[in-house]
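Single-structure report; data block below.
Owing to the predicted nature of the structure, the values given are computational and were not obtained by experimental measurement. Just so you know, ligand 1 is whichever comes first in the structure, and atom 1 is the first atom listed for that ligand.
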Amino acid sequence: MTRHDEQFVRYLHAKETVDDRALHRPTLAHLIDLLEERAESHPDEPLRVVSVGSGTGSMCRRLLSWGVFDAHDEIKYIMVDRKQGMADQAAAAFAEWSHGAGWTAEPTTDGFRIERHGRRVSLTYVTSDLFEAMTVLPKAIDLVIAHAVVDILPLRRAVESLLSRLTDEGILYAPVTFDGRTSFRPAHEADDEIIAAYHETMRGDERAGPDTGSDLFSVLPSLGAPVVAAGGSDWVVHPPHDDDERVFLDRILGFVEESVIESDRVDDETLDHWLKARHGQLASDELAYIAHNVDVLAQLE
Ligand SMILES: C[S@@+](CC[C@H](N)C(=O)[O-])C[C@H]1O[C@@H](n2cnc3c(N)ncnc32)[C@H](O)[C@@H]1O
């Protein structure tokens, strides 16, 4: 992994508590209801889950810890991420978590088998582009999870691909999908220019664009998967910051810097001035940041 990748992994770890607070609980409750219905209608079958753009696997650990899969005793969970080295990062995170959370863990060739209170979970890590992975997986997935990733993919193609391997009445859960609003406080005179440039960098043939959360409400039904539950999962980070929030905000400022530099839409002096002010506010525990995201749950008709 490069230094930049390591920084990204630190950001993913720091993001976990921000996501914990942000996730839209009624949408999660609806997911639990659907999974309970499925367990009743398909007794003795494992729950088959694929998580794409899974990073270090935080969503899997969270959903297991929060009891979201409790209706199922046997879970087969595949995590797909294209970044080389991410599988090792996920393995390390799972080893630490499973030990602390009282699961017995046994390494397998491509992941772990964990067990607790009669619940068995096989975790498999696949290093691959998700579009390729979806073509080779059997059409037998009950739940696809796309956490904080749909907004960086070509939207229609991605949704088509994610729905393509679902079973009848299969479920797509897309939590923390960015939806068009970023703000920092205290206000700065260059905010409008920089945030507009930042959002523009999210457009392009290979990216879903800054309004992905809203766009899912038209793309999903048009592909035969109406939205069955949804709600806001805004990131709201304000002072005083803990260590994770400082790491998280520092990387968010890094994302803004890298993308705005690449876009060439803001002159260097304005961007430098803005970044200096924002990093100063982060160091003096004054910076507040809000990003509007949505959690979307859809089910095949
Ligand atoms: C913003 S991160 C989110 C990670 C994780 N879901 C989380 O929220 O902690 C997006 C992840 O998607 C992965 N990714 C992006 N495009 C991908 C693709 N086409 N196929 C597989 N993984 C992809 C990246 O490598 C990255 O780890």
- Task: Evaluate the side-chain proximity of Asp19 to Arg62: yes if any heavy-atom separation is below 4.5 Å, no if none is.
- Result: yes
- Query: Under a strict 4.0 Å criterion on non-hydrogen atoms, which protein residues are in contact with ligand 1?
  - Reply: Phe8, Leu12, Lys15, Gly53, Ser54, Gly55, Ser58, Asp81, Arg82, Lys83, Met86, Ser128, Asp129, Leu130, His147, Ala148, Val149, Ile152, Leu153
- Could you tell me how the ring of His188 sits relative to the ring of Trp274: parallel (under 30°), tilted (30 to 60°) or perpendicular (over 60°)? perpendicular
- Stepwise salt bridge (Lys or Arg N to Asp or Glu O under 4.0 Å) check, Glu258 with Arg251: CA-CA 10 Å; Glu258 287 153 17; Arg251 191 79 288 268; 2.8 Å; yes
- Task: Go through the side-chain N and O atoms of Ser54 and Asp81 and say whether any donor and acceptor fall under 3.5 Å apart.
- Result: no
- Contact summary for Met79 and Gly57, nearest pair of heavy atoms: SD-CA, 3.8 Å
- Task: Classify the angle between the aromatic ring planes of Tyr289 and Trp235 as parallel (below 30°), tilted (30 to 60°) or perpendicular (above 60°).
- Result: tilted
